[in-house]
S.K.: 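Sharing a structure below in structure tokens format, with a few things to ask.
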Amino acid sequence: MTHEGTPVYAVTMDHDGDEPPAQQGGPGKGRVVAWALWDWATQPFNSVIVTFVFTALYLTSEAFIDPAIAALGEDDPQYDLALAHLASGVGLAGTVAGILVALVAPVLGQQADTAGKRKRWLAISTGILTIVTAALYFVQAAPSYFVLGVGLIAVGLVANELAAAQYNALITQVTTPRNVGKVSGLGWGMGYIGGIVALVLVVVADSSDWWGLDTSNGMAYRLIAVGCAVWTVAFAWPVFTFVPEPEATGREPVSFFASYGRLWRDVVRLWRSDRSTVWFLIASAIYRDGLAGVFAYGAVIASVAFKFDATEVMIFGIAANLVAGIATMISGAIDDWIGPRTLILWSLGGMIVAGAAVVALHSHGKTIFWIAGLVLCLFVGPTQSASRSLLARVAPPDKEGEMFGLYATTGRAASWMAPMMWTIAIAATGATIWGVAGIMSVVLVGFIALLLVKIDVRPVDAEA
């Protein structure tokens, strides 16, 4: 895998040493903060709704199984099977959402690029995400409401991913070649910190017994969902007010379905002119699925393999987001200094070592999970941030939306790997802890794949 094209950000200085025209006027600090706040605004959907609270502690709880089976208690096989069916239902909803994202994301990105309306599609997707999050209020604690709950979660997952593709593409409106890594790190870091604040608020409310509020019928969790929706509205608006919309590309507009033909021709052209970027999309899809596995199963590992209770799980989630957020913000400057590919490789290597420690030293109990688990989280954010900055640097001009759509699509195409290796490792050993090894095997494959991708994205200062 050799680099056959020229990375855009490696040659975007004109003969007079000025910044590229598309970047002029874009990198003001106010615009950067406005852009980064969208990550802060939408993170509660991921951390509170999908990962740590609403889905994990409410939607997959005994409140949604047959009351007769719930009465049998936790030691009964039928009880365990019923809970497994709930978890399977959540997984099915996520699978369907992933397929829709894979099919639609690059085409919507292309349409937005062509019309110069990335912010419009970002607004539509963010609006849908906000509405379905608020609508989780209507998911009462009864089996008949489970389908409504997973359906809303699925729609939210689609909206969130489609919005993220447009949001990622907008990074070129607020950066220059010299600071894209730092800005990307700020965005990811703001997301993590936003997740922390949201989780802290949930923990405080729970520890205060919701100040005497009636929490029967799932009311506490339903109010949490409404709070997350209000949070999104409160903090997402600056990106639409202060970040400039990119100009239309000048390409002839085509219909939605005709865009698939154009997308195929664009991919073929990219393969011929810049093959290493295609290989990067493939390699990143693999290791990003490993990262997704860390988030998807982290709470399960804590609660099942290390016997964390619900409060401990949420506290660990807060600590994990804090570590990841700080590390990601710091890593942005490192990205601009040593280059994103190098940062990704070092981060993946650190994740593999930390994951191995979690498995090898698990007999030491909760302490090792707190230490090695948080070390693992130290590298997750920098990997995500540097991956975004790398693609932003090499994306063809005026096709950033399409490229980040392909980024989402390739990620979804590989989304079966971590769940499969998690399942195989546990089935083969009979112990949940070995699921960590399954996830780390996916990260290792992605690490090796990226080693083979010779994509030259050099720091701008090194070229001066």
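Here the structure is a predicted model, which means the values were calculated and not measured.
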S.K.: Applying side-chain contact (heavy atoms from CB on, under 4.5 Å), run through Ile153 and Leu59 and close with a yes or a no.
M.R.: CA-CA 10 Å; Ile153 292 291; Leu59 199 56; 4.2 Å; yes
S.K.: Could you work out, with side chain to side chain donor-acceptor pair (under 3.5 Å) as the rule, every residue matching Asn321, not counting sequence neighbours?
M.R.: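 Once residues adjacent in sequence are excluded, Asn321 has no partner under the side chain to side chain donor-acceptor pair (under 3.5 Å) criterion.
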S.K.: Is Asp335 salt-bridged to Arg388, cutoff N-O under 4.0 Å?
M.R.: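 A salt bridge is absent here (no side-chain N lies under 4.0 Å from a carboxylate O).
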S.K.: Just checking, any donor-acceptor pair under 3.5 angstrom between side chains of Trp35 and Thr175?
M.R.: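 Looking only at side-chain atoms, Thr175 and Trp35 do not form any donor-acceptor pair under 3.5 Å.
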S.K.: For Thr328, which residues count as a side chain to side chain donor-acceptor pair (under 3.5 Å) partner, sequence neighbours excluded?
M.R.: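 For Thr328, no residue satisfies side chain to side chain donor-acceptor pair (under 3.5 Å) once neighbours in sequence are set aside.
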S.K.: Keeping Ser284 on the side-chain end and Leu281 on the backbone end, is there a donor-acceptor pair under 3.5 Å?
M.R.: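 The answer is yes, because a donor-acceptor pair under 3.5 Å joins these two groups.
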S.K.: Is any NZ, NE, NH1 or NH2 atom of the basic residue among Glu312 and Lys307 found under 4.0 Å from an Asp or Glu carboxylate oxygen of the other?
M.R.: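 Salt bridge flag = no for Lys307 with Glu312.
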S.K.: Any chance you could measure Thr55, atom OG1, to Leu86, atom CG, to the nearest 0.5 Å?
M.R.: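 Separation between the atoms: 11.5 Å.
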S.K.: Centroid-to-centroid, Trp434 to Trp422, below 6.0 Å?
M.R.: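 For Trp434 and Trp422, the ring centres are not under 6.0 Å apart.
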S.K.: Nearest 0.5 Å, please: how far is CD1 in Ile286 from OG1 in Thr410?
M.R.: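 Rounded to the nearest 0.5 Å, the OG1-CD1 separation comes out at 10.0 Å.
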S.K.: Output side-chain donor-acceptor pairs under 3.5 Å for residues 224-235, partner residues at least two apart or in another chain, one line each.
M.R.:
| from | atom 1 | to | atom 2 | distance (Å) |
| --- | --- | --- | --- | --- |
| Trp231 | NE1 | Trp40 | O | 2.9 |
| Thr232 | OG1 | Ala41 | O | 3.1 |
| Thr232 | OG1 | Cys228 | O | 3.1 |

S.K.: Taking salt bridge (Lys or Arg N to Asp or Glu O under 4.0 Å) as the cut-off, I'd like each qualifying pair that reaches into residues 158-171, sequence neighbours left out, listed once.
M.R.: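 For residues 158-171: Glu161-Arg412.
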S.K.: Among Thr342, Leu378, Thr383, Ile352, which residue satisfies the side-chain contact (heavy atoms from CB on, under 4.5 Å) criterion with Ser347?
M.R.: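 Looking at Thr342, Leu378, Thr383, Ile352, the match for Ser347 under the side-chain contact (heavy atoms from CB on, under 4.5 Å) is Thr383.
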S.K.: Applying side-chain contact (heavy atoms from CB on, under 4.5 Å), run through Asp274 and Thr277 and close with a yes or a no.
M.R.: CA-CA 6 Å; Asp274 195 3; Thr277 298; 2.8 Å; yes
S.K.: Please evaluate residues Tyr167 and Phe404 with respect to the criterion ring pair (Phe, Tyr, Trp, His ring centres under 6.0 Å), reporting the C-alpha separation (whole Å), side-chain torsions for both, the decisive distance (0.1 Å), and the verdict.
M.R.: CA-CA 9 Å; Tyr167 167 73; Phe404 277 105; 9.6 Å; no
S.K.: Nearest 0.5 Å please: distance from the CD atom of Gln384 over to the OH atom of Tyr287.
M.R.: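 Rounded to the nearest 0.5 Å, the CD-OH separation comes to 10.0 Å.
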S.K.: Grab the two heavy atoms, one from Thr126 and one from Ala236, that are nearest each other, plus how far apart they are.
M.R.: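 Distance-wise, the nearest heavy atoms are CG2-CB, 4.2 Å.
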S.K.: Can you name the closest pair of heavy atoms from Leu170 and Pro246 and give their distance?
M.R.: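 Nearest pair, atom of Leu170 first, then Pro246: CD2-CD, 3.8 Å.
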S.K.: Between Arg341 and Val453 (side chain of the first, backbone of the second, donor and acceptor by atom type, cut-off under 3.5 Å), is there such a pair?
M.R.: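 Side chain of Arg341 to backbone of Val453, a donor-acceptor pair under 3.5 Å: yes, one is there.
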S.K.: Report the relative orientation of the aromatic rings in Tyr407 and Phe280; use parallel for angles under 30°, tilted for 30 to 60°, perpendicular for over 60°.
M.R.: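 If you compare the ring of Tyr407 with that of Phe280, the planes turn out parallel.
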S.K.: Any idea which heavy atoms bring Lys119 and Val239 closest together, and the distance?
M.R.: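 Result for this residue pair: CE-O, 3.8 Å.
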S.K.: Indicate yes or no for a side-chain donor-acceptor contact from His364 to the backbone of Leu361 under 3.5 Å, with no hydrogens or angles considered.
M.R.: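 Pair absent, no side-chain N/O of His364 close to backbone of Leu361.
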S.K.: Ignoring hydrogens and angles, tell me if any N or O in the side chain of Arg118 forms a donor-acceptor pair with the backbone of Asn168 under 3.5 Å.
M.R.: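 Between the backbone of Asn168 and the side chain of Arg118 there is no qualifying donor-acceptor contact (under 3.5 Å).
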S.K.: Are the side chain of Ser125 and the backbone of Leu162 linked by a donor-acceptor contact shorter than 3.5 Å?
M.R.: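 Side chain of Ser125 to backbone of Leu162: no pair is present.
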S.K.: By side chain to side chain donor-acceptor pair (under 3.5 Å), which residues pair with Asp206, not counting sequence neighbours?
M.R.: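 If we apply the side chain to side chain donor-acceptor pair (under 3.5 Å) test to Asp206, skipping adjacent residues, there are no hits.
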S.K.: Roughly how far, to the nearest 0.5 Å, is the CH2 atom of Trp188 from the CE atom of Met329?
M.R.: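 That separation rounds to 13.0 Å.
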S.K.: So with a 6.0 Å cut-off around NZ of Lys182, is the heavy-atom count from everything else above 12?
M.R.: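 No, NZ of Lys182 has 12 or fewer neighbouring heavy atoms, counting only those of other groups under 6.0 Å.
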S.K.: Might you point out which heavy atoms bring Ala437 and Val359 nearest each other, and give the distance in Å?
M.R.: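 Scanning both residues completely, I find the closest heavy atoms to be N-CG2, 3.9 Å.
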S.K.: In this structure, are over 12 heavy atoms from other groups packed under 6.0 Å from Trp370 atom CH2?
M.R.: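 Yes, the 6.0 Å shell around CH2 holds more than 12 heavy atoms from other groups.
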S.K.: Out of curiosity, Thr51 OG1 to Leu57 CG, how far, rounded to the nearest 0.5 Å?
M.R.: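 Answer for the OG1-CG pair, Thr51 versus Leu57, is 11.0 Å.
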S.K.: Using side chain to side chain donor-acceptor pair (under 3.5 Å) as the criterion, list what pairs up with Glu245, not counting sequence neighbours.
M.R.: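 In terms of side chain to side chain donor-acceptor pair (under 3.5 Å), with neighbours along the sequence ignored, Glu245 is linked to no residue.
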S.K.: Consider side chain to side chain donor-acceptor pair (under 3.5 Å). Of Ser385, Ser389, Ser387, which one does Ser184 pass it with?
M.R.: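 Only match with Ser184 under side chain to side chain donor-acceptor pair (under 3.5 Å): Ser385.
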S.K.: Nearest 0.5 Å, what's the CG-CG distance between Leu406 and Leu270?
M.R.: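 Leu406 CG to Leu270 CG: 8.0 Å, rounded to 0.5 Å.
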S.K.: Under 3.5 Å, is there a donor-acceptor pair between the side chain of Ser441 and the main chain of Gly438?
M.R.: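 Yes, because the side chain of Ser441 sits within donor-acceptor range (under 3.5 Å) of the backbone of Gly438.
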S.K.: Apply the test side-chain contact (heavy atoms from CB on, under 4.5 Å) to residues Ile368 and Val358: give CA-CA distance (whole Å), side-chain angles for both, the deciding distance (0.1 Å), then the verdict.
M.R.: CA-CA 7 Å; Ile368 192 61; Val358 169; 6.0 Å; no
S.K.: Within the structure provided, determine whether Ile193 and Ile196 are in side-chain contact (heavy-atom separation under 4.5 Å).
M.R.: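 Ile193 reaches Ile196 side chain to side chain.
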S.K.: I'd like to know if the side chain of Asn179 pairs up with that of Asp336 as donor and acceptor (distance under 3.5 Å, no hydrogens or angles considered).
M.R.: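 Distance-only check fails for Asn179 and Asp336.
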S.K.: Decide if atom NZ of Lys117 counts as having more than 12 heavy atoms of other residues, nucleotides or ligands within a radius under 6.0 Å.
M.R.: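 12 or below, so no.
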S.K.: For Tyr192 and Ser47, does a side-chain donor sit closer than 3.5 Å to a side-chain acceptor?
M.R.: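 Checked: Tyr192/Ser47 side chains show no N/O donor-acceptor pair below 3.5 Å.
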S.K.: List the atom of Gly293, the atom of Ala418, and the distance in Å for their closest heavy-atom pair.
M.R.: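 It is CA-CB, 4.1 Å.
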S.K.: Using the rule given for side-chain contact (heavy atoms from CB on, under 4.5 Å), can you reason through Leu122 versus Phe240, listing the C-alpha separation, both sets of side-chain angles and the distance that settles it, and then say yes or no?
M.R.: CA-CA 9 Å; Leu122 177 60; Phe240 306 108; 3.7 Å; yes
S.K.: Taking all atoms of both residues into account, what is the closest heavy-atom pair of Ala354 and Val375, and its distance?
M.R.: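 That would be CB-CG1, 3.9 Å.
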